[in-house]
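To start, the structure under review is shown below, and the notes come after it.
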Amino acid sequence: MDAGERLALFEAAVLPHLGSAYNLARWLTGNAHDAEDLVQDSMVRAFAYFDGFRGDDGRAWLLAIVRNSFYTSLRRRRRAATDALPDDLLLADVRPDPEVALLRKVEVDALRVAVERLPESFREALVLREIEGLSYREIAEVARIPIGTVMSRLARGRALVRRALTESAKGGAT
Amino acid sequence: MSCDEVRAAVAVYLDGELDPPTSLALEWHLRACDACAGIVAQERALRGAFADGGLRFEPPATLDARVRSALVARAGSAGARRSIPSWLGIAAAFVIGVAVMAAVSSIGRTPLGVSRLRAEIVAGHLRSLQGRHLTDVLSSNQHTVRPWFAGKLPFSPTVPDLAAEGFPLVGGRLDVLDGRAAAALVYNRRLHVINVFTRPADSGDSSERSLGSDAGYHVVAWTRAGMAFWAVSDVDPAELERFARFFDSAAR
(Lines give C-alpha, C1' and ligand atoms only; values in the text may rest on other atoms or scores of the structure.)
Protein backbone atom coordinates (compact mmCIF):
# COMPACT_ATOMS: atom_id res chain seq x y z
CA MET A 1 0.00 0.00 0.00
CA ASP A 2 1.49 3.31 -0.97
CA ALA A 3 1.74 6.42 1.12
CA GLY A 4 -1.25 8.03 -0.59
CA GLU A 5 -3.58 5.16 0.23
CA ARG A 6 -2.24 4.95 3.74
CA LEU A 7 -2.97 8.62 4.23
CA ALA A 8 -6.45 8.24 2.78
CA LEU A 9 -7.26 5.36 5.12
CA PHE A 10 -5.83 7.28 8.05
CA GLU A 11 -7.97 10.27 7.15
CA ALA A 12 -11.03 8.03 7.09
CA ALA A 13 -10.33 6.06 10.26
CA VAL A 14 -8.50 8.39 12.62
CA LEU A 15 -8.76 12.02 11.54
CA PRO A 16 -12.49 12.26 12.33
CA HIS A 17 -11.54 11.99 16.00
CA LEU A 18 -9.63 15.25 15.91
CA GLY A 19 -12.25 16.87 18.14
CA SER A 20 -11.89 14.25 20.88
CA ALA A 21 -8.11 14.44 20.62
CA TYR A 22 -8.23 18.21 21.01
CA ASN A 23 -10.63 18.05 23.95
CA LEU A 24 -8.40 15.62 25.85
CA ALA A 25 -5.29 17.57 24.90
CA ARG A 26 -6.91 20.78 26.12
CA TRP A 27 -7.79 19.24 29.47
CA LEU A 28 -4.33 17.75 29.86
CA THR A 29 -2.29 20.81 28.88
CA GLY A 30 -4.56 23.46 30.37
CA ASN A 31 -4.36 25.88 27.45
CA ALA A 32 -5.30 26.07 23.78
CA HIS A 33 -1.86 26.71 22.33
CA ASP A 34 -0.19 23.67 23.89
CA ALA A 35 -3.26 21.61 23.11
CA GLU A 36 -2.94 22.36 19.39
CA ASP A 37 0.73 21.46 19.41
CA LEU A 38 -0.01 18.24 21.28
CA VAL A 39 -2.74 17.27 18.82
CA GLN A 40 -0.55 17.89 15.79
CA ASP A 41 2.31 15.99 17.39
CA SER A 42 0.01 13.11 18.26
CA MET A 43 -1.57 12.92 14.82
CA VAL A 44 1.81 12.69 13.13
CA ARG A 45 2.86 10.05 15.63
CA ALA A 46 -0.39 8.17 15.11
CA PHE A 47 0.16 8.20 11.36
CA ALA A 48 3.61 6.71 11.87
CA TYR A 49 2.10 3.99 14.06
CA PHE A 50 -0.86 3.41 11.75
CA ASP A 51 0.32 0.00 10.59
CA GLY A 52 -0.13 -1.18 14.16
CA PHE A 53 -3.75 -0.07 14.24
CA ARG A 54 -6.08 -3.04 14.13
CA GLY A 55 -9.14 -1.20 12.93
CA ASP A 56 -11.56 -1.31 15.80
CA ASP A 57 -11.88 1.97 17.61
CA GLY A 58 -9.86 4.80 16.10
CA ARG A 59 -10.86 7.14 18.87
CA ALA A 60 -9.58 5.16 21.86
CA TRP A 61 -6.40 4.33 19.92
CA LEU A 62 -5.80 7.98 19.10
CA LEU A 63 -6.58 9.19 22.63
CA ALA A 64 -4.02 6.73 24.02
CA ILE A 65 -1.42 8.28 21.74
CA VAL A 66 -2.44 11.81 22.76
CA ARG A 67 -2.13 10.91 26.43
CA ASN A 68 1.15 9.16 25.92
CA SER A 69 2.58 12.03 23.91
CA PHE A 70 1.56 14.44 26.62
CA TYR A 71 3.28 12.56 29.38
CA THR A 72 6.48 11.73 27.56
CA SER A 73 7.38 14.57 25.25
CA LEU A 74 5.54 17.79 25.89
CA ARG A 75 6.41 20.34 28.50
CA ARG A 76 3.72 20.25 31.13
CA ARG A 77 2.40 23.42 32.56
CA ARG A 78 1.26 22.96 36.08
CA ARG A 79 -1.57 25.16 37.12
CA ALA A 80 -1.00 26.49 40.58
CA ALA A 81 -3.86 25.70 42.93
CA THR A 82 -4.00 29.38 43.80
CA ASP A 83 -4.98 30.39 40.26
CA ALA A 84 -8.33 32.07 40.06
CA LEU A 85 -10.50 31.46 37.02
CA PRO A 86 -8.23 30.26 34.23
CA ASP A 87 -7.78 32.90 31.54
CA ASP A 88 -8.72 30.31 28.94
CA LEU A 89 -12.33 30.79 29.87
CA LEU A 90 -12.15 33.86 27.67
CA LEU A 91 -10.58 32.12 24.70
CA ALA A 92 -12.36 31.08 21.53
CA ASP A 93 -12.13 27.37 22.13
CA VAL A 94 -14.63 27.50 24.96
CA ARG A 95 -17.87 26.70 23.19
CA PRO A 96 -20.32 29.54 23.68
CA ASP A 97 -23.74 28.46 24.80
CA PRO A 98 -26.12 31.42 24.71
CA GLU A 99 -29.01 29.35 25.99
CA VAL A 100 -27.34 28.73 29.31
CA ALA A 101 -28.92 31.00 31.88
CA LEU A 102 -26.55 33.22 33.80
CA LEU A 103 -26.92 31.23 36.99
CA ARG A 104 -26.16 27.97 35.22
CA LYS A 105 -23.20 29.55 33.54
CA VAL A 106 -21.76 30.30 36.94
CA GLU A 107 -22.25 26.68 37.88
CA VAL A 108 -20.65 25.47 34.64
CA ASP A 109 -17.67 27.73 35.28
CA ALA A 110 -17.35 26.41 38.83
CA LEU A 111 -17.43 22.87 37.52
CA ARG A 112 -14.80 23.62 34.91
CA VAL A 113 -12.52 25.18 37.50
CA ALA A 114 -13.05 22.23 39.82
CA VAL A 115 -12.01 19.79 37.11
CA GLU A 116 -9.05 21.90 36.04
CA ARG A 117 -7.72 21.83 39.57
CA LEU A 118 -7.87 18.08 39.91
CA PRO A 119 -4.65 16.12 39.98
CA GLU A 120 -3.87 14.99 36.43
CA SER A 121 -4.70 11.33 36.85
CA PHE A 122 -8.15 12.08 38.27
CA ARG A 123 -8.81 14.82 35.72
CA GLU A 124 -7.88 12.60 32.82
CA ALA A 125 -10.13 9.77 34.02
CA LEU A 126 -13.08 12.13 34.54
CA VAL A 127 -12.66 13.82 31.16
CA LEU A 128 -12.50 10.48 29.36
CA ARG A 129 -15.55 9.20 31.21
CA GLU A 130 -17.81 12.24 31.44
CA ILE A 131 -16.92 14.18 28.31
CA GLU A 132 -15.69 11.54 25.90
CA GLY A 133 -18.03 8.86 27.22
CA LEU A 134 -15.44 6.08 27.19
CA SER A 135 -16.15 2.85 29.01
CA TYR A 136 -14.03 1.71 31.97
CA ARG A 137 -12.27 -0.73 29.69
CA GLU A 138 -11.52 1.95 27.10
CA ILE A 139 -10.21 4.33 29.77
CA ALA A 140 -8.03 1.52 31.09
CA GLU A 141 -6.68 1.03 27.57
CA VAL A 142 -6.04 4.74 26.96
CA ALA A 143 -4.41 5.35 30.35
CA ARG A 144 -2.71 1.95 30.56
CA ILE A 145 -4.02 1.20 34.03
CA PRO A 146 -6.12 -1.62 35.46
CA ILE A 147 -9.89 -1.17 35.47
CA GLY A 148 -9.87 -1.09 39.27
CA THR A 149 -7.60 1.94 39.12
CA VAL A 150 -9.97 3.60 36.65
CA MET A 151 -12.82 3.15 39.10
CA SER A 152 -10.90 4.47 42.06
CA ARG A 153 -9.62 7.52 40.16
CA LEU A 154 -13.14 8.30 39.04
CA ALA A 155 -14.47 7.94 42.55
CA ARG A 156 -11.79 10.17 44.06
CA GLY A 157 -12.01 12.70 41.25
CA ARG A 158 -15.78 12.95 41.64
CA ALA A 159 -15.46 13.31 45.39
CA LEU A 160 -13.01 16.19 44.98
CA VAL A 161 -15.22 17.88 42.40
CA ARG A 162 -18.27 17.54 44.60
CA ARG A 163 -16.40 19.05 47.51
CA ALA A 164 -15.09 21.93 45.38
CA LEU A 165 -18.60 22.68 44.12
CA THR A 166 -20.01 22.64 47.63
CA GLU A 167 -17.34 25.03 48.82
CA SER A 168 -17.76 27.37 45.89
CA ALA A 169 -21.53 27.40 46.41
CA LYS A 170 -21.02 28.31 50.06
CA GLY A 171 -18.54 31.01 49.15
CA GLY A 172 -21.17 32.70 46.97
CA ALA A 173 -19.75 31.21 43.73
CA THR A 174 -17.44 33.35 41.55
CA MET B 1 -28.73 -5.86 48.65
CA SER B 2 -27.75 -3.96 51.77
CA CYS B 3 -27.39 -0.20 51.84
CA ASP B 4 -23.61 -0.51 52.09
CA GLU B 5 -23.50 -2.75 49.04
CA VAL B 6 -25.73 -0.37 47.14
CA ARG B 7 -23.64 2.67 47.95
CA ALA B 8 -20.50 0.87 46.87
CA ALA B 9 -22.15 0.02 43.55
CA VAL B 10 -23.89 3.32 42.75
CA ALA B 11 -21.08 4.87 40.71
CA VAL B 12 -20.57 1.74 38.65
CA TYR B 13 -24.33 1.48 38.12
CA LEU B 14 -24.68 5.07 36.92
CA ASP B 15 -21.70 4.62 34.62
CA GLY B 16 -23.60 1.79 32.97
CA GLU B 17 -20.95 -0.73 33.93
CA LEU B 18 -22.87 -2.80 36.47
CA ASP B 19 -23.97 -6.27 35.42
CA PRO B 20 -27.73 -6.69 34.84
CA PRO B 21 -28.55 -8.95 37.83
CA THR B 22 -26.85 -6.60 40.29
CA SER B 23 -28.40 -3.57 38.60
CA LEU B 24 -31.81 -5.12 39.06
CA ALA B 25 -31.13 -5.85 42.73
CA LEU B 26 -29.95 -2.29 43.19
CA GLU B 27 -33.09 -0.84 41.60
CA TRP B 28 -35.26 -3.00 43.81
CA HIS B 29 -33.44 -1.70 46.87
CA LEU B 30 -33.93 1.92 45.78
CA ARG B 31 -37.67 1.48 45.57
CA ALA B 32 -37.84 0.82 49.28
CA CYS B 33 -34.95 2.91 50.57
CA ASP B 34 -35.20 6.70 50.51
CA ALA B 35 -31.74 7.24 51.93
CA CYS B 36 -30.04 5.32 49.15
CA ALA B 37 -32.36 6.84 46.56
CA GLY B 38 -31.22 10.26 47.75
CA ILE B 39 -27.59 9.35 47.28
CA VAL B 40 -28.27 8.07 43.79
CA ALA B 41 -30.04 11.34 42.98
CA GLN B 42 -27.01 13.33 44.14
CA GLU B 43 -24.65 11.24 42.04
CA ARG B 44 -26.98 11.62 39.08
CA ALA B 45 -27.02 15.38 39.55
CA LEU B 46 -23.24 15.50 39.37
CA ARG B 47 -23.23 13.52 36.15
CA GLY B 48 -25.96 15.77 34.84
CA ALA B 49 -23.74 18.78 35.50
CA PHE B 50 -21.02 17.23 33.38
CA ALA B 51 -23.44 16.26 30.65
CA ASP B 52 -24.90 19.75 30.39
CA GLY B 53 -22.00 20.62 28.21
CA GLY B 54 -19.82 23.67 28.28
CA LEU B 55 -17.00 21.40 29.40
CA ARG B 56 -16.07 20.12 25.99
CA PHE B 57 -13.42 22.17 24.27
CA GLU B 58 -13.79 22.53 20.52
CA PRO B 59 -10.71 22.83 18.34
CA PRO B 60 -10.17 26.04 16.40
CA ALA B 61 -11.20 25.78 12.75
CA THR B 62 -7.58 26.08 11.63
CA LEU B 63 -6.38 22.97 13.44
CA ASP B 64 -7.83 20.53 10.93
CA ALA B 65 -6.01 22.14 8.01
CA ARG B 66 -2.83 22.41 10.02
CA VAL B 67 -2.91 18.70 10.91
CA ARG B 68 -3.68 17.69 7.33
CA SER B 69 -0.68 19.66 6.07
CA ALA B 70 1.56 17.97 8.60
CA LEU B 71 0.25 14.54 7.58
CA VAL B 72 0.65 15.19 3.88
CA ALA B 73 4.18 16.37 4.46
CA ARG B 74 4.86 13.24 6.49
CA ALA B 75 3.30 11.00 3.84
CA GLY B 76 5.74 12.55 1.41
CA SER B 77 2.94 12.96 -1.02
CA ALA B 78 4.49 13.72 -4.39
CA GLY B 79 1.15 14.14 -6.08
CA ALA B 80 1.19 16.79 -8.73
CA ARG B 81 -2.43 17.71 -8.14
CA ARG B 82 -3.03 20.57 -5.80
CA SER B 83 -5.01 19.42 -2.80
CA ILE B 84 -8.33 21.10 -2.22
CA PRO B 85 -8.32 22.80 1.20
CA SER B 86 -10.78 21.25 3.58
CA TRP B 87 -12.31 24.60 4.40
CA LEU B 88 -13.87 24.65 0.96
CA GLY B 89 -17.42 23.43 1.24
CA ILE B 90 -18.44 20.23 -0.46
CA ALA B 91 -20.38 22.24 -3.04
CA ALA B 92 -17.42 24.46 -3.86
CA ALA B 93 -15.10 21.50 -4.25
CA PHE B 94 -17.69 19.88 -6.46
CA VAL B 95 -17.88 22.95 -8.71
CA ILE B 96 -14.10 23.07 -8.99
CA GLY B 97 -14.10 19.38 -9.80
CA VAL B 98 -16.57 19.89 -12.65
CA ALA B 99 -14.52 22.76 -14.05
CA VAL B 100 -11.31 20.74 -13.90
CA MET B 101 -12.86 17.72 -15.54
CA ALA B 102 -14.54 19.81 -18.22
CA ALA B 103 -11.18 21.36 -19.04
CA VAL B 104 -9.49 17.98 -19.09
CA SER B 105 -12.05 16.20 -21.23
CA SER B 106 -12.66 19.19 -23.49
CA ILE B 107 -15.19 17.27 -25.51
CA GLY B 108 -18.26 18.43 -23.61
CA ARG B 109 -20.83 15.66 -23.38
CA THR B 110 -19.42 13.38 -26.07
CA PRO B 111 -18.51 10.09 -24.35
CA LEU B 112 -14.80 9.47 -23.97
CA GLY B 113 -13.05 6.57 -25.66
CA VAL B 114 -12.24 3.57 -23.45
CA SER B 115 -8.63 4.43 -22.76
CA ARG B 116 -9.43 8.06 -22.00
CA LEU B 117 -12.30 6.96 -19.76
CA ARG B 118 -10.05 4.53 -17.93
CA ALA B 119 -7.42 7.23 -17.52
CA GLU B 120 -10.01 9.59 -16.11
CA ILE B 121 -11.31 6.96 -13.69
CA VAL B 122 -7.81 6.10 -12.47
CA ALA B 123 -7.06 9.81 -12.11
CA GLY B 124 -10.26 10.25 -10.10
CA HIS B 125 -9.27 7.32 -7.89
CA LEU B 126 -5.80 8.78 -7.27
CA ARG B 127 -7.20 12.22 -6.66
CA SER B 128 -9.44 10.79 -3.97
CA LEU B 129 -6.41 9.32 -2.24
CA GLN B 130 -4.10 12.29 -2.37
CA GLY B 131 -5.05 15.54 -0.72
CA ARG B 132 -8.76 15.54 -1.51
CA HIS B 133 -11.11 13.85 0.91
CA LEU B 134 -11.66 10.19 0.29
CA THR B 135 -15.19 10.49 1.63
CA ASP B 136 -17.79 13.22 2.13
CA VAL B 137 -19.87 10.84 4.20
CA LEU B 138 -17.91 8.41 6.33
CA SER B 139 -19.91 5.38 7.41
CA SER B 140 -19.85 1.63 7.00
CA ASN B 141 -23.64 1.60 7.11
CA GLN B 142 -25.36 1.53 3.72
CA HIS B 143 -28.45 3.04 5.34
CA THR B 144 -26.41 6.12 6.22
CA VAL B 145 -24.45 6.46 2.99
CA ARG B 146 -27.25 6.01 0.46
CA PRO B 147 -29.61 8.68 1.87
CA TRP B 148 -26.73 11.12 2.21
CA PHE B 149 -26.76 11.59 -1.56
CA ALA B 150 -30.43 12.70 -1.60
CA GLY B 151 -30.70 16.30 -2.71
CA LYS B 152 -27.08 16.34 -3.80
CA LEU B 153 -27.46 14.17 -6.88
CA PRO B 154 -30.39 13.72 -9.27
CA PHE B 155 -30.25 9.96 -8.69
CA SER B 156 -30.00 7.60 -5.75
CA PRO B 157 -27.01 5.26 -5.97
CA THR B 158 -27.27 1.66 -4.81
CA VAL B 159 -24.93 1.02 -1.90
CA PRO B 160 -24.70 -2.70 -1.19
CA ASP B 161 -23.26 -4.05 2.06
CA LEU B 162 -20.41 -6.36 1.09
CA ALA B 163 -18.73 -6.70 4.47
CA ALA B 164 -19.55 -10.40 4.65
CA GLU B 165 -17.72 -10.92 1.36
CA GLY B 166 -14.67 -9.12 2.72
CA PHE B 167 -15.27 -5.69 1.20
CA PRO B 168 -16.42 -3.36 3.97
CA LEU B 169 -17.98 -0.05 3.06
CA VAL B 170 -15.98 3.04 4.02
CA GLY B 171 -18.30 5.80 2.82
CA GLY B 172 -19.24 7.91 -0.16
CA ARG B 173 -18.54 11.20 -1.85
CA LEU B 174 -19.64 13.40 -4.70
CA ASP B 175 -17.45 13.19 -7.77
CA VAL B 176 -17.38 13.95 -11.46
CA LEU B 177 -16.99 11.63 -14.44
CA ASP B 178 -16.88 12.71 -18.05
CA GLY B 179 -18.16 16.12 -17.04
CA ARG B 180 -21.20 14.69 -15.28
CA ALA B 181 -22.05 14.37 -11.61
CA ALA B 182 -21.37 10.93 -10.18
CA ALA B 183 -21.45 9.21 -6.83
CA ALA B 184 -18.28 7.56 -5.61
CA LEU B 185 -18.73 4.68 -3.19
CA VAL B 186 -15.66 3.70 -1.24
CA TYR B 187 -14.92 0.16 -0.13
CA ASN B 188 -11.92 -1.52 1.48
CA ARG B 189 -10.27 -4.77 0.56
CA ARG B 190 -7.80 -5.46 3.38
CA LEU B 191 -5.83 -2.19 3.23
CA HIS B 192 -6.64 -1.34 -0.37
CA VAL B 193 -9.19 1.25 -1.40
CA ILE B 194 -11.80 0.49 -4.05
CA ASN B 195 -13.73 3.37 -5.58
CA VAL B 196 -17.00 2.62 -7.36
CA PHE B 197 -18.10 5.51 -9.56
CA THR B 198 -21.73 5.41 -10.56
CA ARG B 199 -24.18 7.56 -12.48
CA PRO B 200 -27.11 7.05 -14.87
CA ALA B 201 -26.14 4.96 -17.88
CA ASP B 202 -26.16 5.93 -21.53
CA SER B 203 -26.63 2.37 -22.70
CA GLY B 204 -28.45 -0.81 -21.75
CA ASP B 205 -27.45 -3.49 -19.25
CA SER B 206 -24.06 -5.12 -19.65
CA SER B 207 -22.19 -7.49 -17.42
CA GLU B 208 -18.81 -6.89 -15.82
CA ARG B 209 -16.02 -6.23 -18.27
CA SER B 210 -12.46 -5.15 -17.66
CA LEU B 211 -11.36 -1.80 -19.04
CA GLY B 212 -7.71 -2.66 -18.44
CA SER B 213 -5.19 -1.01 -16.15
CA ASP B 214 -3.26 2.23 -15.84
CA ALA B 215 -0.16 2.37 -13.64
CA GLY B 216 -1.25 -0.71 -11.72
CA TYR B 217 -4.82 0.46 -11.14
CA HIS B 218 -7.43 -1.81 -12.69
CA VAL B 219 -10.89 -0.74 -13.85
CA VAL B 220 -13.99 -2.91 -14.23
CA ALA B 221 -17.23 -1.55 -15.71
CA TRP B 222 -20.82 -2.73 -15.90
CA THR B 223 -24.32 -1.40 -16.37
CA ARG B 224 -27.43 -2.48 -14.52
CA ALA B 225 -30.99 -1.16 -14.44
CA GLY B 226 -30.14 2.18 -16.01
CA MET B 227 -27.07 2.83 -13.86
CA ALA B 228 -23.46 2.59 -14.97
CA PHE B 229 -20.70 1.48 -12.60
CA TRP B 230 -16.92 1.65 -12.73
CA ALA B 231 -14.86 0.00 -10.01
CA VAL B 232 -11.20 1.00 -9.71
CA SER B 233 -8.48 -0.22 -7.38
CA ASP B 234 -4.94 -1.53 -7.20
CA VAL B 235 -6.13 -4.89 -5.87
CA ASP B 236 -5.53 -7.91 -8.04
CA PRO B 237 -7.69 -7.66 -11.23
CA ALA B 238 -9.34 -11.00 -10.49
CA GLU B 239 -10.20 -9.73 -7.01
CA LEU B 240 -11.68 -6.54 -8.44
CA GLU B 241 -13.80 -8.56 -10.86
CA ARG B 242 -15.04 -10.70 -7.96
CA PHE B 243 -15.91 -7.51 -6.11
CA ALA B 244 -17.81 -6.22 -9.14
CA ARG B 245 -19.82 -9.43 -9.40
CA PHE B 246 -20.67 -9.32 -5.67
CA PHE B 247 -21.67 -5.67 -6.02
CA ASP B 248 -23.80 -6.34 -9.06
CA SER B 249 -25.67 -9.30 -7.59
CA ALA B 250 -26.17 -7.63 -4.21
CA ALA B 251 -27.60 -4.56 -5.88
CA ARG B 252 -30.17 -6.52 -7.86
- Message: For a quick test of reading the model, state the closest non-hydrogen atom pair linking L55(B) to I131(A) and the distance between them.
- Response: O-CD1, 3.6 Å
- Item | chain A contact via V170(B) - side chain, backbone, both or neither, heavy atoms under 4.5 Å | side chain
- Under the salt bridge (charged side-chain N to carboxylate O under 4.0 Å, His left out) test, which residues partner E138(A), sequence neighbours left out? none
- Query: Going from CH2 on W27(A) to CZ on F57(B), what distance comes out if it is rounded to the nearest 0.5 angstrom?
  - Reply: 4.5 Å
- Task: Measure across L129(B) and A8(A) and return the closest heavy-atom pair with its distance rounded to 0.1 Å.
- Result: CD2-CB, 3.7 Å
- Message: What I want to find out is whether R68(B) reaches E11(A) closely enough, with some N-O distance under 4.0 Å, to be called a salt bridge.
- Response: yes
- Query: A155(A) versus chain B, heavy atoms under 4.5 Å apart: side chain, backbone, both or neither?
  - Reply: neither
- Message: Is V186(B) in contact with chain A via its backbone, its side chain, both, or neither, using a 4.5 Å heavy-atom distance?
- Response: neither
- Point-to-point distance, once rounded to the nearest 0.5 Å, from CZ of R56(B) to CD of E130(A): 13.5 Å
- With sequence neighbours left out, write down each residue that passes side-chain hydrogen bond (donor to acceptor under 3.5 Å, both in side chains) with Q42(B), or none if nothing qualifies. none
- Message: Does any backbone or side-chain atom of R158(A) lie under 4.5 Å from a heavy atom of chain B? Answer side chain, backbone, both or neither.
- Response: both
- Note on the structure: Closest non-hydrogen contact found for A70(B) with V44(A) is CB-CG2, 3.9 Å
- Query: Do the side chain of E36(A) and the main chain of L63(B) share a donor and acceptor less than 3.5 angstrom apart?
  - Reply: no
- Item | Structural part of V127(A) lying under 4.5 Å from a heavy atom of chain B | neither
- Message: Nearest 0.5 Å, please: how far is CZ in F53(A) from CG in L191(B)?
- Response: 11.0 Å
- Query: Any chance CZ of R66(B) has more than 12 other-residue heavy atoms, nucleotides or ligands included, within less than 6.0 Å?
  - Reply: yes
- Query: Sequence neighbours excluded, which residues qualify as salt bridge (charged side-chain N to carboxylate O under 4.0 Å, His left out) partners of R47(B)?
  - Reply: D15(B), E43(B)
- Item | Neighbours of chain B found in residues 141-154 of chain A - heavy atoms under 4.5 Å | M151(A), L154(A)
- Nearest 0.5 Å please: distance from the CG atom of L138(B) over to the CG atom of L15(A). 10.0 Å
- Heavy-atom contact with chain B under 4.5 Å, split by part of L24(A): neither
